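Quantities reported herein were computed from a predicted structural model and do not represent experimental measurements.
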Amino acid sequence: MSKAVTSISGLDEDELGRIFRKHSDLGDWAGEALAGRTQAEPVSLQEIEDALEAIRTARRAKKSEPLEELVRRLDPEAARFFIKIISGELRIGLSEGLVEAAIAEAFEVPITQVKRVHLITGDIGETAVRCKHRQFDTTIITLFQPVRFMLASPVETPAEAFERMGAESVWTEEKYDGVRCQLHRQAERVELFHET
């Protein structure tokens with residue numbers, strides 16, 4: 001994102017740093033830095049989806065190219081919210097738990113189903129669509145579509161873990177501070193997905 005905004009804005013590192021310190025928010029930073037510097041034109045949701053897929057599948061060194069191409073076509077306000085969305089920094093005071101509850105109420109499905117679908121898809125938008133169409137049985141873990149990262153649940157003793165899970169056998173993993181990452185592999189294709 002930084003590479004794309006720097007290229008489009010033409011601003012130097014010091015000015016971009018000043019703008020970021022003013023906002024401490026990537027979207028607001030991009031919106032101000034891009035003011036008067038993009039060639040705003042109508043962009044469809046399909047074009048945004050295509051650009052996101054191009055970013056996702058591009059090699060690391062090439063990811064900024066489809067991003068820059070799209071952002072150049074957005075007006076600064078649209079770019080502001082696009083950057084907020086892809087960086088996960090909406091900062092509108094709405095937690096995912098509240099969105100899950102709203103989906104459950106809107107489509108009259110149990111909240112447990114919504115949470116399960118969201119865990120598997122890792123995408124709240126796709127979760128809403130799948131819940132709307134009652135696609136519970138067809139929502140399965142798919143290679144190269146990362147599942148949501150689960151928060152750790154600490155316990156004091158092994159007995160507490162068995163009691164909490166209500167099972168005779170429990171699978172656990174050690175929790176270390178740092179980056180959570182998933183590795184997906186199929187034949188020669190390998191991709192890593194990490195929590196931002």
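- Using a distance-only test at 3.5 Å, with no hydrogens or angles considered, a donor-acceptor pair links the side chain of Gln145 to the main chain of Thr121.
- When the shell of 6.0 Å around CG of Leu45 is examined, it contains 12 or fewer heavy atoms from other residues, nucleotides or ligands.
- Ion pair Arg72/Glu68 flagged as a salt bridge, since at least one NZ, NE, NH1 or NH2 atom sits closer than 4.0 Å to an Asp/Glu carboxylate oxygen.
- Without hydrogens or angle criteria, Thr38 side chain to Leu74 main chain gives a donor-acceptor distance under 3.5 Å.
- Within 6.0 Å of CD in Gln182 there are more than 12 heavy atoms belonging to other residues, nucleotides or ligands.
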Could you go through Phe136 and Ile120, starting from their C-alpha distance and side-chain angles, then the distance that decides it, and tell me whether this counts as side chain to side chain contact (heavy atoms under 4.5 Å, CB included)? CA-CA 10 Å; Phe136 305 120; Ile120 294 171; over 6 Å; no

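- If you chain together hydrophobic residues whose side chains sit under 4.5 Å apart, Phe193 and Ile86 never meet in one group.
- Gln113 places no side-chain N or O within donor-acceptor distance of the main-chain N or O of Pro110, the cut-off being under 3.5 Å.
- Between the side chain of Arg80 and the main chain of Pro76, no donor-acceptor pair closer than 3.5 Å is present.
- Between the side chains of Thr157 and Glu160, no donor-acceptor pair is found at a separation under 3.5 Å.
- Considering Arg60, Arg56, Arg185 in turn, Arg56 is the only one that fulfils the salt bridge (charged side-chain N to carboxylate O under 4.0 Å, His left out) rule with Glu191.
- Without hydrogens or angle criteria, Thr142 side chain to Ile140 main chain gives a donor-acceptor distance under 3.5 Å.
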